[in-house]
S.K.: 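Here it is: the structure, laid out below.
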Amino acid sequence: MSQSPLPRFNDTAQAFQHLSDAELRRAVALFALIGKPWLVHVGSALAHLALKLRIPLGWAVRPTVYAHFCGGESIAGSETTVSKLAEHNVQTILDFSAEGQTEEERLDATCAEVLAAIQAADGDKRHAFAVFKVSGLSDNGLLERVGNSKAKSSALSQEDELAWQRVQSRVRALCEATAQARGRVLIDAEESWIQDAIDDLAEDMMSDHNKERVVVYNTVQLYRHDRLGYLKDMASRADEGGYQCGVKLVRGAYMEKERERAASLGCPSPIQPDKASSDRDFDAAMEWVLDRIDRIHLIAGSHNEASNMKLCEGMKARNLAPNDPRVWFAQLLGMSDPITFNLAAMGYNVAKYVPYGPIREAIPYLIRRAQENTSVAGQTSRELELLKQEQMRRRGTS
Ligand SMILES: Cc1cc2nc3c(=O)[nH]c(=O)nc-3n(C[C@H](O)[C@H](O)[C@H](O)COP(=O)(O)OP(=O)(O)OC[C@H]3O[C@@H](n4cnc5c(N)ncnc54)[C@H](O)[C@@H]3O)c2cc1C
């Protein structure tokens, strides 16, 4: 067993070193606010309304939630965040999150922006991975029809066929650019009704680029009851095809939407029956991948302390050094700093998703962050408790 000690996630001095006293005060105020579900509910509804009516929100959002959860309005504007993270051995995953686009020009523009992020990371060790959502490169309806046509072995319309070819070439361009830059790229997982098309694309890209090293990573959401099986099947296909897998494991972000849709269609929900089942499969998936780490590279995207600790223990039990290049940890900017910065201090490979882009486009992302923080039992209060502990420590009152 490896001798390296395990991290402590309650070391607040280490966790919040990167925050000035003013930033710490802002974080305490923010987490106190988003810990109140009614406020998040009302605030989200008002923000959606303001977006619809094109009422400017920048004055309220820029110095508060945006400054806390986003890197900046552009790649260059995120530079301060990227450098600050790197000073503490935390790497960046620049995340231009444009979702739900439909017009071809906007899909091309998103592709060009992700390409710019891949090129900005080329040769810059502060960046760990590139990332994109296929829904930023394709109309969602098309992704659903592609998945259905495959399941039913039916043909796409000619128009859809052409649009699908354009989506494939965008995805191909991003993966090729990443391979050329000697980088790695994560393909995010999304709603189950568009995920089959995304999985097929991701597996095609892995088979093209993961022969010599792991360039492309697909994402597996363990809040779905069928995904541990999918992970194993994906790995078998990679073995048969003579390429390696890259996998990002997450629990999954669209639970309410998935359940509502299944109920409205009268079909069984793809989501696990309870949180304990999602936790069980997430941890089982990590163990399964660690046992095959020579063939499947792993990035665990989670804010769950117990799962992050299990991954550290699993690495230790298998004699993997904390900085083994095949294992990564990741959290979102502004969330779970005690996990991120304590892992980094112990030499683990850890990165933050750093969302960036114009404020208007970031608002749906920010609303989701606030809602997620209210729906994740215990997470916000834990975060708030540690932030307050650090305030007291700095004042010399703890
Ligand atoms: C770096 C990173 C990348 C991510 N990428 C993606 C991505 O590509 N696609 C994506 O969908 N999500 C992604 N996420 C979000 C992720 O899926 C989770 O929504 C989020 O991280 C919360 O889960 P957790 O493991 O951090 O912690 P926890 O707080 O322990 O778990 C909360 C999660 O558990 C599950 N859950 C909660 N209640 C129940 C219940 N009653 N029954 C069943 N399951 C339940 C839900 O998935 C919920 O989000 C990413 C997260 C991170 C940190």
Side-chain angles (χ1 to χ4, degrees), residues 9 69 71 85 90-95 97 99 128-136 184-195 198-199 201-202 216-228 230 246-260 262 268-286 298-311 327-340 343 348-355 365 368-383:
F9 293 141
F69 290 114
L85 292 173
V90 175
Q91 287 184 254
T92 287
I93 303 170
L94 278 177
D95 180 19
S97 342
E99 300 155 43
F129 297 84
V131 64
F132 64 87
K133 279 192 169 47
V134 175
S135 64
R184 289 168 292 216
V185 63
L186 310 172
I187 302 181
D188 276 351
E190 306 190 56
E191 293 90 345
S192 59
W193 52 98
I194 60 171
Q195 191 57 39
I198 298 172
D199 286 335
L201 273 174
V216 180
Y217 288 64
N218 194 16
T219 302
V220 174
Q221 300 156 310
L222 283 309
Y223 71 173
R224 283 181 57 176
H225 51 66
D226 63 342
R227 291 287 101 173
L228 200 49
Y230 169 75
V247 65
K248 168 157 64 90
L249 298 180
V250 298
R251 281 181 171 76
Y254 308 96
M255 186 172 75
E256 276 91 19
K257 214 170 165 186
E258 291 279 0
R259 286 188 167 147
E260 277 164 23
S269 168
I271 304 298
Q272 305 267 17
D274 48 36
K275 170 85 164 62
S277 308
S278 298
D279 294 348
R280 179 203 59 217
D281 277 10
F282 184 88
D283 294 344
M286 282 194 312
L298 169 66
I299 170 164
S302 176
H303 299 138
N304 181 300
E305 273 189 24
S307 291
N308 279 288
M309 189 56 81
K310 278 204 179 110
L311 181 50
V327 184
W328 279 80
F329 297 73
Q331 290 80 40
L332 308 179
L333 186 70
M335 288 179 70
S336 295
D337 285 352
I339 296 178
T340 310
L343 282 171
Y348 289 91
N349 296 316
V350 57
K352 286 282 202 196
Y353 262 42
V354 175
Y365 171 85
R368 273 218 308 282
R369 286 291 74 78
Q371 288 173 338
E372 182 177 293
N373 274 290
T374 51
S375 66
V376 176
Q379 178 75 34
T380 304
S381 50
R382 172 89 178 125
E383 196 112 24

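Start at 1 and go down the list; that is how both ligands and their atoms are numbered.
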S.K.: So between Val250, Ile271, Thr340, whose heavy atom ends up nearest atom 50 (C) of ligand 1?
M.R.: Val250
S.K.: Are Asp337 and Thr340 linked by a side-chain donor-acceptor pair shorter than 3.5 Å?
M.R.: no
S.K.: Looking at Asp281 and Arg251, does any basic side-chain N land under 4.0 Å from a carboxylate oxygen?
M.R.: no
S.K.: With backbone taken as N, CA, C and O and side chain as the heavy atoms from C-beta onward, which portion of Phe282 lies under 4.0 Å from ligand 1: side chain, backbone, both, or neither?
M.R.: neither
S.K.: Kindly confirm or rule out an N or O of Asp279 lying under 3.5 angstrom from an N or O of ligand 1.
M.R.: no
S.K.: Looking only at distances, please establish whether an N/O atom of ligand 1 is found under 3.5 Å from an N/O atom of Asn304.
M.R.: yes
S.K.: Which one holds for Arg382 and ligand 1: side chain close, backbone close, both close, or neither close, with close meaning a heavy atom under 4.0 Å?
M.R.: neither
S.K.: I need the atoms of ligand 1 closer than 4.0 Å to a non-hydrogen atom of Ser302, numbered in the order shown.
M.R.: 24 (P), 25 (O), 26 (O), 53 (C)
S.K.: So, using ring pair (Phe, Tyr, Trp, His ring centres under 6.0 Å) as the criterion, who are the partners of Phe329 when residues are at least two apart?
M.R.: Tyr348
S.K.: Please classify the Ala253 to ligand 1 contact at 4.0 Å (heavy-atom distances, strictly less than): side chain, backbone, both or neither.
M.R.: both
S.K.: Please confirm whether Tyr223 comes within less than 3.5 Å of ligand 1 when only nitrogen or oxygen atoms on both sides are compared.
M.R.: no
S.K.: For Tyr254, take its heavy atoms, then give the atoms of ligand 1 lying under 4.0 Å from any of them.
M.R.: 11 (O)
S.K.: Any nitrogen or oxygen of Met255, main chain or side chain, under 3.5 Å from a nitrogen or oxygen of ligand 1?
M.R.: no
S.K.: Taking all heavy atoms of Ser269 and all of His225, pick out the closest pair and write down the distance.
M.R.: O-NE2, 3.1 Å
S.K.: Begin with the C-alpha distance, continue with both residues' side-chain angles, and end with the deciding distance and a verdict on salt bridge (Lys or Arg N to Asp or Glu O under 4.0 Å) for Lys310 and Asp279.
M.R.: CA-CA 11 Å; Lys310 278 204 179 110; Asp279 294 348; over 6 Å; no
S.K.: Measure from NZ or CZ of Arg184 to the centre of the six-membered ring of Phe129 and say whether it is under 6.0 Å with the direction within 45° of the ring axis.
M.R.: yes
